[in-house]
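Values below: all heavy atoms of this structure, side chains included; hydrogens, waters and symmetry mates excluded.
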Amino acid sequence: MVPDARRQFRVLYRDFLARMVDLEALSAGGGIVNLLVQFAAVLAAFSFVVTISTVPYYGTSQLPREQLLIAAWSHEEFLIATTMAITGLFAVLAWNVIFPDRRDTYILGVLPVRTRTIGAAKAAAIGTALGVSVVAVNVFTGLSFPFVLPVDGTFLGALRCLAAYWLTMAAAGLFVCCVLLALQGIASQLFGYRLFLRVSSFLQLAAFFVILGVYFLTPPLATVSGLTAPENRGLLAALPQFWFLGLFQELSGSTHPVFGPLAARALWSLSIAAAVAAVAYTLAYRRNIRRIVEQPDIVPADRSRPATRILKFLAGRLLARPLERAILLFTARTIARSRQHRLLLAVYGGIGLA
């Protein structure tokens, strides 16, 4: 008896959620349950530390409410940027399991399961994992911060600020996820399958560098002078965390004119990213299942490629001893072939560069 679509969806959803993070890229003996619990605990601890270090200040300060609300802009931008960075890093860690792999194709391809059901289950698993990360990193700040800084100082204003906080964090996390998903989906449409596998690795590294670089290098612009200065318009238009800061202020009832254009940019950017991600993901999902069967993942190494010749030339120029050249070439080829080593290089390189 063939199970119905809803039961198939539930089974696939649980399986995809258990494989949401590429454990081979993190630890050979890792477990998804322990990983998610530890990940959520670390994020919740971070949220608790931020809460006890900032909320008492705003709750006991004798400054006028208008000055407190302006002083809170920098903390709000920091919380939004942190949420976007965490969801972005989680999406990058799940980079290689977003689309179907060879095991999914060979096992599910012969079963009476619709591609639509498989894709929906995968999308639901992605949404659940990212939702957990957003909730974990905001679990304490999201339940305390809005109640000490309502715009109008009333209980209804606090409830409005609470709703605005969680809507903004969800929108910010969804935006980052959609951008990365759209990037991967577009690349899968532009390149052949084998070339896409190589390009995808470089895109994953680039995403790590960009996310960490933007998070650590963003200047402190969440002030009246920083948000209104004409010379900062280009930078504000390029940094999404300030768009969603404007969205949060508009939703919570702020009347400062600087936040209107930023909030509009946040909504338009989220809509475009979600639409492109949905189309690219659907097309890439259907196309990848066919291409996995037709083309192998690994092809014989081509030692005549320009990159290989350049690497050998540089090794010969920089290192005189054959043993040293062999170590350098072995290290470079290991990094090129191993997801775990590439991710470690991206993490340490991104933090070090920032």
Participant: Compute the ring centroids of Trp73 and Phe259, then answer whether they are less than 6.0 Å apart.
Facilitator: yes

Participant: Checking one residue: Val49. Which other hydrophobic residues are in its cluster under the side-chain 4.5 Å linking rule?
Facilitator: none

Participant: Just how far is it from atom CD1 of Ile211 to atom CG of Leu180, taken to the nearest 0.5 Å?
Facilitator: 5.0 Å

Participant: Hey, what do you get for CZ (Phe244) to CZ (Arg265), rounding to the nearest 0.5 Å?
Facilitator: 11.5 Å

Participant: I'd like to know whether Thr223 forms a side chain to side chain contact (heavy atoms under 4.5 Å, CB included) with Ser74, so could you lay out the CA-CA distance, the side-chain angles of the two residues, the decisive distance to 0.1 Å, and finally the verdict.
Facilitator: CA-CA 7 Å; Thr223 60; Ser74 59; 5.8 Å; no

Participant: Which pair of heavy atoms, one from Leu162 and one from Gly142, lies closest together, and at what distance?
Facilitator: CD1-O, 2.9 Å

Participant: Which heavy atom of Pro240 sits nearest to which heavy atom of Met84, and what is that distance?
Facilitator: CB-CE, 3.5 Å

Participant: Same cluster for Val50 and Phe216 if Ile/Leu/Val/Met/Phe/Trp/Tyr side chains link at under 4.5 Å?
Facilitator: yes

Participant: Donor-acceptor pair, distance only, cut-off 3.5 Å: does the side chain of Ser269 make one with the backbone of Ala266?
Facilitator: no

Participant: Evaluate side chain to side chain contact (heavy atoms under 4.5 Å, CB included) for Phe46 paired with Val137, printing each intermediate quantity in order.
Facilitator: CA-CA 7 Å; Phe46 170 82; Val137 78; 4.1 Å; yes

Participant: Please enumerate all residues that pass side-chain hydrogen bond (donor to acceptor under 3.5 Å, both in side chains) together with Gln241, with sequence neighbours excluded.
Facilitator: Thr218

Participant: So which residues get pulled into Phe48's cluster when ILVMFWY side chains under 4.5 Å apart are joined, directly or through others?
Facilitator: Ile52, Val139, Phe140

Participant: So how far is it from Trp166 CH2 to Asn138 CG, rounded to the nearest 0.5 Å?
Facilitator: 5.0 Å

Participant: Kindly work out whether a path of hydrophobic side-chain contacts (I/L/V/M/F/W/Y, heavy atoms less than 4.5 Å apart) joins Trp268 to Val179.
Facilitator: no

Participant: Looking at every heavy atom in both Ala170 and Val134, which two are closest together, and how far apart are they?
Facilitator: N-CG1, 4.4 Å

Participant: When rounded to the nearest 0.5 angstrom, what distance separates CD1 in Ile186 from CG in Leu181?
Facilitator: 10.0 Å

Participant: Can you tell if the side chain of Leu236 reaches within under 4.5 Å of the side chain of Leu227, non-hydrogen atoms only?
Facilitator: yes

Participant: List the atom of Ala273, the atom of Cys178, and the distance in Å for their closest heavy-atom pair.
Facilitator: O-CB, 3.6 Å

Participant: Does the side chain of Leu247 reach to within under 4.5 Å of the side chain of Leu267, using non-hydrogen atoms?
Facilitator: yes

Participant: Starting from Val42, can I reach Val135 by hopping between I/L/V/M/F/W/Y residues whose side chains sit under 4.5 Å apart?
Facilitator: no

Participant: Using a 4.5 Å cut-off on heavy atoms from C-beta on, say whether the side chain of Pro219 contacts that of Leu235.
Facilitator: yes

Participant: To the nearest 0.5 Å, how far apart are CD1 in Ile80 and CG in Leu245?
Facilitator: 5.0 Å

Participant: Find the distance between OG1 (Thr51) and CZ (Phe145) and round it off to the nearest 0.5 Å.
Facilitator: 9.0 Å

Participant: With side chains defined as the heavy atoms from C-beta onward, is the minimum distance between Tyr215 and Thr82 less than 4.5 Å?
Facilitator: yes

Participant: Does the Ser47 side chain pair with the main chain of Thr141, one donor and one acceptor, at a distance under 3.5 Å?
Facilitator: yes

Participant: What heavy-atom pair brings Ala207 and Val92 nearest, and what distance separates the two atoms?
Facilitator: CB-CG2, 3.8 Å

Participant: Are any of the side-chain heavy atoms of Thr87 and Phe175 separated by less than 4.5 Å?
Facilitator: no

Participant: Side-chain contact, heavy-atom cut-off 4.5 Å: Met169 with Leu79?
Facilitator: yes

Participant: Phe248 vs Tyr165 aromatic rings, parallel, tilted or perpendicular, using cut-offs 30° and 60°?
Facilitator: perpendicular

Participant: Measure across Ala129 and Phe90 and return the closest heavy-atom pair with its distance rounded to 0.1 Å.
Facilitator: CB-CE2, 3.3 Å

